[in-house]
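Structure record follows, encoded as structure tokens.
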Amino acid sequence: MADTLIDFDEVVATYDPALGLEVHVELNTNTKMFCGCPTTFGGEPNTQVCPTCLGLPGAMPVVNAKAVEAAIRIGLALNCDIAEWCRFARKNYFYPDMPKNFQTSQYDEPICFEGYLDVDVEGETFRVEIERAHMEEDTGKSTHIGGATGRIQGADHSLVDYNRAGIPLIEIVTKPILGAGEKAPLVARAYVAQLRDLIVALGVSDARMDQGSIRADVNLSLSPKGSGVLGTRTETKNVNSLRSVERAVRFEMSRDAAVLDAGGSILQETRHFHEADGTTSSGRPKSDAEDYRYFPEPDLVPVAPSREWVEELRGTLPENPTAKRARLQEEWGFSDLEMRDTVGAGALSLVEETVAAGASPQSARKWWLSDLARRANDAGVELAEVGVTPEQVAGVQRLVDAKTINDKLARQVFDGLIAGEGTPEEIVAARGLAVVSDDGALSAAVDKAIETNPDVADKIRDGKVAAAGALIGAVMKEMRGQADAGRVRELILEKLA
Ligand SMILES: [Zn+2]
């Protein structure tokens, strides 16, 4: 049954949204959280396992120091306090993808707490407060065979791969994000985007949302406008792209408002997000006090990072993202609006890498925010996954700068790059895209255009130089866009002088 939805403008006129984001970051350590198994992605199922991560009797876990280091660096970058002493706990539940029947996690003693991240939303700074960032381990992966949807319902049987079980995760939990109003979907997206940028800058994760190395759970509740009371929340699980984070918030706001407007009440539950149509559907009911029978993990010693070590790690932090944005804007000479659009499109690091590969900031911005953004949008993918790298964009721009191709032909080079036809130079050669600036060929085409457009030619002879555009257009058409437009214009004016 399709959900009833309320128009978004009406929702924000009647209700205040409260957001909460829980982001899981899979660390890129060489080994798992509590054993020496490798963490390489894509291995044959169940080849990266040992008695510890399979939870066999008698196996003893040991904390991965690199994972603790990464957790502290993430916490410091998020302006958190770092615990002087903390422990792991057992979160007990039975699920086939968790071989130990408990997850080793942190419960009431997280390693990082009380921080914040300032995010840019359409040129405004919005402070997202961080409640905690704690260490835990990932579960294995279930695959359900035989059903139409890939879900367990309707499946003939299920397979489980424990290669992922025990990979270190950091879970970053925000405090309720209030006061975002109509910008709530954008705030959610900007927070995850800027958190991802920070994780990339720290170098602690592959940070690939499409591969699940960053996963976001989106909590949302609505309360009557101005009431100040938090409503019942839903938790949309495992949203795996920035665009989906925004859409999930928007959809849940409209759906919740429809339920409340009809006098209903929101069920506290987890929900699934559906990429295809941007909707969510009911998962399982969830209470605040689910009985996981947490207790301190008896097989692990407490983690007590020395203050000297924490300060040493503080010294390894990358540039603060807000300061970095200001520096890049200055270096690139972007207007506030250009910078805001670049950040909003998730193109900041792409432009940065394109500039590093030799393109001018304005040309890098132009390609990422126009042609490539349109392609990403049409394909429903993130800009970074559009199929063209920053180095290739810089390569295309080099050909434009050298007047080998023009902007219009460059778009065909991007077609070729996405189709995997080779380097920009190879594509120009193979597709015969180079601009013709040889006077012989151009002159003949200009003569033909003058001959077939005598009235336009007369206007130009009478001094109406602006009319030259029509003749340039005719020549470009004749030469399938592959003429040097500047030279064509000169030839037209010389011939009709
Ligand atoms: Zn293992």
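First listed ligand is number 1; within each ligand, the first listed atom is number 1.
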Do any protein N, O or S atoms sit under 2.8 Å from the Zn ion (ligand 1), and which ones are they?
->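 For the Zn ion (ligand 1), the protein N, O and S atoms that sit under 2.8 Å away are Cys35 SG, Cys37 SG, Cys50 SG, Cys53 SG.
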Partner of Ser244 by side-chain contact (heavy atoms from CB on, under 4.5 Å), out of Val239, Asn238, Val192 =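 Running side-chain contact (heavy atoms from CB on, under 4.5 Å) over Val239, Asn238, Val192 with Ser244 returns exactly one hit, Val239.
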Under a 4.0 Å N-O cut-off, is there an ion pair linking Glu338 with Arg365?
->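 Looking at Glu338 and Arg365, the cut-off is met.
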Carboxylate-amine/guanidinium contact Arg411 Asp415, below 4.0 Å |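 No, this pair does not count.
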With sequence neighbours excluded, residues passing salt bridge (Lys or Arg N to Asp or Glu O under 4.0 Å) with Glu352 |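 If we apply the salt bridge (Lys or Arg N to Asp or Glu O under 4.0 Å) test to Glu352, skipping adjacent residues, the hits are Lys324.
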Can you sort out the partners of Asp299 under salt bridge (Lys or Arg N to Asp or Glu O under 4.0 Å), two or more places apart, ordered by chain and number?
->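 Asp299: salt bridge (Lys or Arg N to Asp or Glu O under 4.0 Å) contacts with Arg90.
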Can you list every pair that meets salt bridge (Lys or Arg N to Asp or Glu O under 4.0 Å) and has a residue in residues 69-86, with sequence neighbours left out?
->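 As it turns out, the salt bridge (Lys or Arg N to Asp or Glu O under 4.0 Å) pairs with a partner in residues 69-86, which skip direct neighbours, are Lys66-Glu69.
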